[in-house]
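Let me begin by presenting the structure, written as structure tokens, before commenting on it.
Values below: every heavy atom of this structure, side chains too, minus hydrogens, waters and symmetry copies. Keep in mind it's a predicted model, so treat the numbers as computed, not measured. Within every chain, numbering begins at 1; the chains are lettered A, B, ... in the order of the sequence lines, protein sequences first and strands thereafter.
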Protein chains: 2
Amino acid sequence: MIAGIEMGGTKTVVAVGQADGTVVDEFRFPTTHGEETFKVAIDWLRERGEATAVGVAAFGPVSVNKARADYGQMLQTPKPGWAGFSIIGALESAFPDVRVVLETDVNAAVLAEAEGFEDIAYITIGTGIGGGVMADGKLLHGAVHSEFGHWFPRRAPGDDFAGVCPFHGDCLEGLASGPAMTKRWGKEPKDLLDDAKAWEFETHYLAEACMTLLASVNPARVVIGGGVSQAPGFHAQVEEKLRARAKGYFAALEENTPFVVPPKYGQQAGIRGALLLVGS
Amino acid sequence: MIAGIEMGGTKTVVAVGQADGTVVDEFRFPTTHGEETFKVAIDWLRERGEATAVGVAAFGPVSVNKARADYGQMLQTPKPGWAGFSIIGALESAFPDVRVVLETDVNAAVLAEAEGFEDIAYITIGTGIGGGVMADGKLLHGAVHSEFGHWFPRRAPGDDFAGVCPFHGDCLEGLASGPAMTKRWGKEPKDLLDDAKAWEFETHYLAEACMTLLASVNPARVVIGGGVSQAPGFHAQVEEKLRARAKGYFAALEENTPFVVPPKYGQQAGIRGALLLVGS
């Protein structure tokens, strides 16, 4: 039996399942502070017997780079009770003989959605925006991990909204997250489905994001998930705008149609990815 | 004895040297078409005896991803006599028992400049702009390879120059390469050293580029090389603008000062990197 934990900003999912990512049993509960959240997850796992391995898909910033002294810990975050909390420490002291693998939530989702691709990126648009990357068959970390939501896109023509990111104002997350749409238009994304201008702006920013990924990490596919991406026609509009920017220059884009797709596993990508982290 | 070949747009360098990247002997000659260029390099190497391995640092687009059917070949390029030329084929038929490793020129430069870093990026600004990345100790390829010069930065305030990229107009290369500076200001970069506005724009674009790398591949250092980067104070200005954008958010930036640096090996980074490709 293997286990997975997906830590989200508002809810945590703990599951037992199979090496191919199939969830056999799962429990969803509200995320509180680090110690309490992991106590609930660990107690639930103990009731199901000893897992041989636990994969963790964590919100960030989190130290997933084994070369760092703070490997396994949550890094500086305004979220109460998380900065410095050691995920690896909590799990290893509860389950001393169990293998633990830690990844960012978006990288775990990449793993779930990669099927057949060695070079693929995943963007999730919800309360925040995050990006995960697999390049050359390996999940990309870098010195800490990608913070793709805090990259600065070019403005959509006519968009003078200041942005909602408390750090950067008009970074991708500041201009295109769910709360950014709600603040800019005075309605939640689900109530904006008939507002063509709202989606013109939104797909502009995601096309900018795909273009940047194409020029930097050069994926063969970009998966866009999260609540905001569920608007009808969303992925096709992003792809159309991406191709208009790319002008036939990028072989990775020319060779792969569709290039911008929704996640096959939807809201299950994160917990499936957590299982896959220890599944092979 | 190991050998290295650095293919540049205008000149090619072929060298023999040591596993640590030290060049023992080298020959520089004009790059013509693929077959002729490699004949010159191969003849020069034959005169120096049989190398046990050859590392090649190639301009792009070039297929460096072994998973591709066209591995080892130059891809579609307007450069006469290069599209479809097989670098690996030419070297393997000349030296059947010799190990050949192929990389992009910018990735080879990363290898030469990486010393001690597992996560580092390299940007060269000359006739074009290219970017190479090492992440988690591995050179990054993706589906084909990075084309960082063709990523779109935000405009510098007051810059309405159309850009010189024949594909994309105002991509990074279109706005900030040597020819872009020459066309925008009517003078070559070396004759613009006293023009504060020219460098205000130029360092804006490179700070945008560093910010994008930080948010996507998350290096612990960015090396900027190439002729344009040799203006006095260039790297410090880019770093200052980068820190103003990042607002203390990125641990990789906060933990590494200086973050934006010139290449230690200058114009030798490419050929040293070619040797290092087969040096370990």
Worksheet entry | Choice from A:R155, A:K66, A:M211 maximising heavy atom contacts with chain B below 4.5 Å | A:M211
Worksheet entry | Donor-acceptor contact present, side-chain A:H168 to main-chain A:G174, <3.5 Å | no
Practice prompt. Side chain from CB out, backbone as N, CA, C, O: work out which of these in B:P153 comes under 4.5 Å of a heavy atom of chain A, or both, or neither.
Written response: backbone
Practice prompt. Pick whichever of B:Q76, B:K138, B:R245 has the most heavy-atom pairs under 4.5 Å with chain A.
Written response: B:R245
Worksheet item: Do B:E103 side-chain atoms and B:A108 backbone N/O form a donor-acceptor pair below 3.5 Å?
Response: no
Discussion item. Quick check on the interface: out of A:A251, A:A246, A:A121, A:G137, who has the most heavy-atom pairs with chain B under 4.5 Å?
Written reply: A:A246
Item to complete: Against chain A, label B:D119 side chain, backbone, both or neither, depending on which of its atoms sit under 4.5 Å from a heavy atom there.
Response: side chain
Worksheet item: When you measure from the side chain of A:E173 to the backbone N and O of A:C165, does any donor-acceptor pair fall under 3.5 Å?
Response: no
Worksheet item: Side chain of B:Y205, backbone of B:L172: donor and acceptor closer than 3.5 Å?
Response: no
Worksheet item: Between A:M134, A:H141, A:E118, A:R68, which has the largest tally of heavy atom pairs under 4.5 Å with chain B?
Response: A:H141
Worksheet entry | Top contributor to chain B interface from A:V144, A:D136, A:L214, A:V217 [non-hydrogen pairs under 4.5 Å] | A:D136
Response to the item:
Pair count under 4.5 Å, heavy atoms only, with chain A: among B:F250, B:F152, B:F148, B:F167, highest is B:F152
Worksheet item: Using a cut-off of under 4.5 Å for heavy-atom pairs, which of A:P61, A:A220, A:S216, A:A135 has the most such pairs with chain B?
Response: A:S216
